[in-house]
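The structure appears below as structure tokens.
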2 protein chains.
Amino acid sequence: MKPVRILIVDDHYIVVEGIRSLLQRVSAVEILGAASDAESCMRFLDRRIPDLILLDISLPHTSGIDLCKAIHEKYPRIRILGLSTFKEQSFVRNMLDNGASGYVLKNAGIDELMIAIQTAMKGGKYLSDEVAAALTDQQIDPAAPVITRREKEVLNLIAEGYTNNEIAGRLFVSVTTVDSHRKNLLTKFGAGNTAALVKLAVKMQII
Amino acid sequence: MKPVRILIVDDHYIVVEGIRSLLQRVSAVEILGAASDAESCMRFLDRRIPDLILLDISLPHTSGIDLCKAIHEKYPRIRILGLSTFKEQSFVRNMLDNGASGYVLKNAGIDELMIAIQTAMKGGKYLSDEVAAALTDQQIDPAAPVITRREKEVLNLIAEGYTNNEIAGRLFVSVTTVDSHRKNLLTKFGAGNTAALVKLAVKMQII
DNA sequence: CCAAAAATCCCCTTTTTACAGGATTGCCCC
DNA sequence: GGGGCAATCCTGTAAAAAGGGGATTTTTGG
């Protein structure tokens with residue numbers, strides 16, 4: 001069986017070295033090289049096509065998510081494994097939506113990494129346990145309440161400093177409607193007033 | 001010359017492997033081991049004392065900053081080098097304030113890492129160029145206004161959801177005083193109302 | 001198709017903020 | 001020793017938001 005040829009894309013030298021040293025011992029894979037940003041990655045691909053790319057989500061300039069999309073469009077046959085320290089749901093979602101074959105956390109060991117690579121090469125999708133848990137768990141912050149689309153819209157406008165009146169104008173609804181949403185938000189967040197509501201919402205990433 | 005004995009504290013396996021593989025080739029250092037969180041780090045220190053600890057700032061449970069403080073208090077002779085992907089000023093400041101001898105980004109190469117280690121062992125402080133630049137830049141957000149101690153106090157209480165009345169009670173001042181501070185805050189932040197004020201303040205790290 | 005959830009609307013009262021003006025004290029630095 | 005700033009206090013009006021009730025209509029998911 002031919003080894004899986006891999007390109008590493010990560011701007012953290014130490015991480016690249018870590019992966020390299022881990023995978024070096026495994027005969028089933030061959031490291032073709034490493035790129036530190038989107039541009040050098042694309043330039044690399046002009047010359048050599050790996051079977052799989054280990055792609056960090058947080059890159060300078062272009063984000064890993066955008067790069068993932070670009071690679072997937074131009075080279076649909078290359079498998080892409082997301083790689084990061086974050087288990088944020090939104091990133092995972094974005095990566096998967098943009099053609100990634102999985103998502104591995106940087107605290108993964110060699111075993112997990114190999115399973116992820118093999119799963120991806122077979123056409124499957126691999127997610128680290130914690131990542132999968134975060135995905136099904138829905139909420140990142142367990143304290144974060146479930147709010148509706150409309151409520152989120154209103155919440156954003158409130159945080160922007162608009163009054164109920166102005167929000168009503170923007171959303172083409174009555175002031176009382178906006179007021180209802182606002183009251184629901186206060187209840188859902190357990191906030192006593194707008195200030196506390198906004199603070200919680202910002203802290204919980206929602207805004 | 002005796003090699004510098006090093007403990008690595010990082011919850012990302014890949015990063016640990018990366019550092020290990022980088023430093024393995026250098027005879028001037030000896031890796032004693034690695035810990036993945038604050039607890040196992042402290043347990044390690046109960047038995048063996050390294051000369052220097054490479055400490056990730058983002059750890060599970062206890063943050064690297066708190067751990068840094070704890071180590072420095074209990075073992076003041078151990079040098080500590082902060083390690084992270086973030087160049088945020090506040091973290092750097094916190095690390096240095098808590099006894100760290102420097103701060104290295106994870107995209108550092110072997111050369112930089114060795115210089116940092118040697119500088120730290122000689123009693124100096126090493127900062128990555130980017131980190132130093134961020135530090136001298138002073139303001140993270142140039143738009144962040146200068147607010148007084150009292151204003152900050154009031155701002156925090158506002159964000160906690162206290163009304164002017166309640167704040168006045170807590171600070172043992174009149175309601176009108178609190179109202180003045182609030183008005184000044186609104187002006188300084190260029191916010192039209194409390195909601196916008198709180199959002200800006202949270203986003204600008206002030207809260 | 002039907003029930004639950006979401007979105008919409010309404011009334012009324014009280015409390016809190018926003019806005020527009022000041023004014024006074026104390027303290028630090030040049 | 002005087003200017004500047006921070007912190008304190010004031011009066012008054014107008015505008016929002018909070019609190020506590022409902023009620024109706026769309027959506028949407030099973």
Value in whole Å for how far the P atom of dT8(D) lies from NZ of K183(B): 15 Å
Select base, sugar-phosphate, or nothing to describe what T163(B) touches, counting heavy atoms under 4.0 Å on all strands. sugar-phosphate
When you get a sec, tell me which of dA18(C), dC9(D), dG21(C) is the closest nucleotide to the side chain of V173(B)? dC9(D)
Between P on dA16(D) and CD on E166(A), what's the gap in Å once rounded to a whole number? 7 Å
Candidates L45(A), I6(A), I31(A), I8(A) - the one meeting side-chain contact (heavy atoms from CB on, under 4.5 Å) with P50(A): L45(A)
Toward the 5' end of DNA chain C, by each residue's nearest nucleotide, T148(A) or T194(B): T148(A)
Hey, is the side chain of H181(B) poking within less than 4.0 Å of OP1 or OP2 on dT8(D), counting only N and O atoms? yes
Nearest to the side chain of L186(B) - dC9(D), dA18(C), dA18(D)? dA18(C)
Any chance the side chains of T176(A) and D179(A) put a donor and an acceptor closer than 3.5 Å? no
Decide, yes or no, whether a salt bridge links R170(A) with E166(A) under the criterion of side-chain N to carboxylate O below 4.0 Å. no
For the pair made of CD in E151(B) and C1' in dT8(D), what is the distance, rounded to whole Å? 13 Å
Judged by nearest nucleotide, the residue sitting upstream toward the 5' end of DNA chain D, V178(B) or A195(A), is V178(B)
For L157(B) and dT17(C), what is the distance between atoms CG and P respectively, to the nearest whole Å? 12 Å
Of the candidates dA17(D), dG21(D), dT17(C), the side chain of N164(A) sits closest to dA17(D)
Residues R182(B), E151(B): salt bridge by 4.0 Å N-O rule: no
Quick one: R182(B) CZ to dA7(D) C1', roughly how many Å, whole number? 17 Å
From the options dG20(D), dA18(D), dC10(D), select the nucleotide whose nearest atom is closest to the side chain of S180(B). dC10(D)
The side chain of R150(B) is closest to which nucleotide in this list: dA20(C), dT8(D), dA6(D)? dT8(D)
Sugar-phosphate only, base, or nothing, as touched by T176(B) at under 4.0 Å among non-hydrogen atoms: base
Atom-to-atom span, CG of L155(A) to P of dA17(D) - whole angstrom: 14 Å
Starting at CG of N184(B) and ending at P of dC9(D), how long is that distance when rounded to a whole Å? 14 Å
Could you tell me the separation between the CG atom of D179(A) and the C1' atom of dA15(D), rounded to a whole number of Å? 14 Å
Looking at R25(A) and E17(B), is there a salt bridge between them, counting it only when a charged N and a carboxylate O are closer than 4.0 Å? yes
